[in-house]
Amino acid sequence: MGDAFIIDGCHYAGEIERKLKDFLNSHKIETLRLDVILVGDHKPSEIYVRRKSEACHRVGIQVETHKLPETIQEQQLLEHIERLNKASETNGILVQLPLPAHISKQKVQMAIEPLKDVDGFHVENIGKHVSEMKDGLFPCTPQGCLYLINQIYPDISGMDALVIGRSLVVGMPMSHTLLQADATVTTAHIKTKNLSDLCKRADIIVSAAGHPNLVRGKDVKEGVVVIDVGINRVEAPDNMKAKITGDVNFEEVSQKAKAISPVPGGVGPMTIAFLLVNCLKAYCLQHGDVDFDDFKF
Ligand code: GUN
């Protein structure tokens, strides 16, 4: 093949943002509000949170970032979340990960009111996702990945999909999302022995393992569709800036793939676009008068 379609996440995220902005305007939703909690000085998190905040501004979602010190005690953070749970003007709450080691991620995720849990990490929302109940909030990145896959294949029923990674943020909900779209799903992870064989069989590969060069050209079949969720910082030689790469060897795999998402500019913008969509869904779940199903994206 050699001329894979490059799946431009910035383009599709822009389309979703436009539709969302129009929907908010036409339904006169002016008070939709997201509160983001950022703990500590983790530089990549600061960048992600800034991008989320900028995206909210573009579509007309009010957003406030609560920057809390690295040394904050777990109890204080939980109390902060509880105040936002109770605040009627707050529709969505997002606590940026990772958290400092002395704070339990699980306790924090469980402290967020499920109807405001725009990350979809609360067990109530995980349970609703797995049991295909429509009135939950579901993780943003898997929704973004399926949206990109659907640009190539609107129907993936019966196709062989391989998900590499089993995290609660991406891998696990990704596998459920693809299963619900009737794909035949294999989940691989760090202990998987025959990754190369599994890759060779797959019609669709979603890699969210966090290892550069994990998926090589020799491992994939002609015409595969590849979604790269990896964000890996690779140190460059002296005097050059460190580079961000995905899990997939783009040069090699794009020679054989039908379509491939780049890093950066692939899944990243889609995660943010679906965070905005989740904010709207949270608003609709909280206000019975707007039907989320009326939003077409
Ligand atoms: N850190 C990296 N990805 C994510 C995400 O999707 N949500 C949150 N809250 N933190 C993250």
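Numbers for residues simply follow the sequence, beginning at 1. Read the numbers this way: they start at 1 and go in the same order the structure lists the ligands and their atoms.
His66 pairs by the ring pair (Phe, Tyr, Trp, His ring centres under 6.0 Å) definition with His80, not counting sequence neighbours.
The protein heavy atom nearest to atom 7 (N) of ligand 1 is Asp119 OD1, 3.0 Å. If you check which protein heavy atom lies closest to atom 10 (N) of ligand 1, you get Leu97 N, 2.9 Å. The protein heavy atom nearest to atom 11 (C) of ligand 1 is Gln96 NE2, 3.4 Å.
Distance remark: protein heavy atom not present below 4.0 angstrom from atom 3 (N) of ligand 1.
With ligand atoms numbered from 1 in the order given, ligand 1 contributes 8 (C), 9 (N) to contacts under 4.0 Å with heavy atoms of Val95. Residue contact check: Leu94 has heavy atoms under 4.0 Å from atoms 9 (N) of ligand 1.
In this structure, the separation between CD on Gln109 and CD1 on Ile126 is 7.5 Å, given to the nearest 0.5 Å.
A donor-acceptor contact closer than 3.5 angstrom is absent between the side chains of Thr65 and Ser53.
Tested against Leu84, the residues Asp35, Ile112, Val95 include a single side chain to side chain contact (heavy atoms under 4.5 Å, CB included) partner, Asp35.
In this structure a side-chain-to-backbone donor-acceptor pair under 3.5 Å is missing from Asn278 to Cys140.
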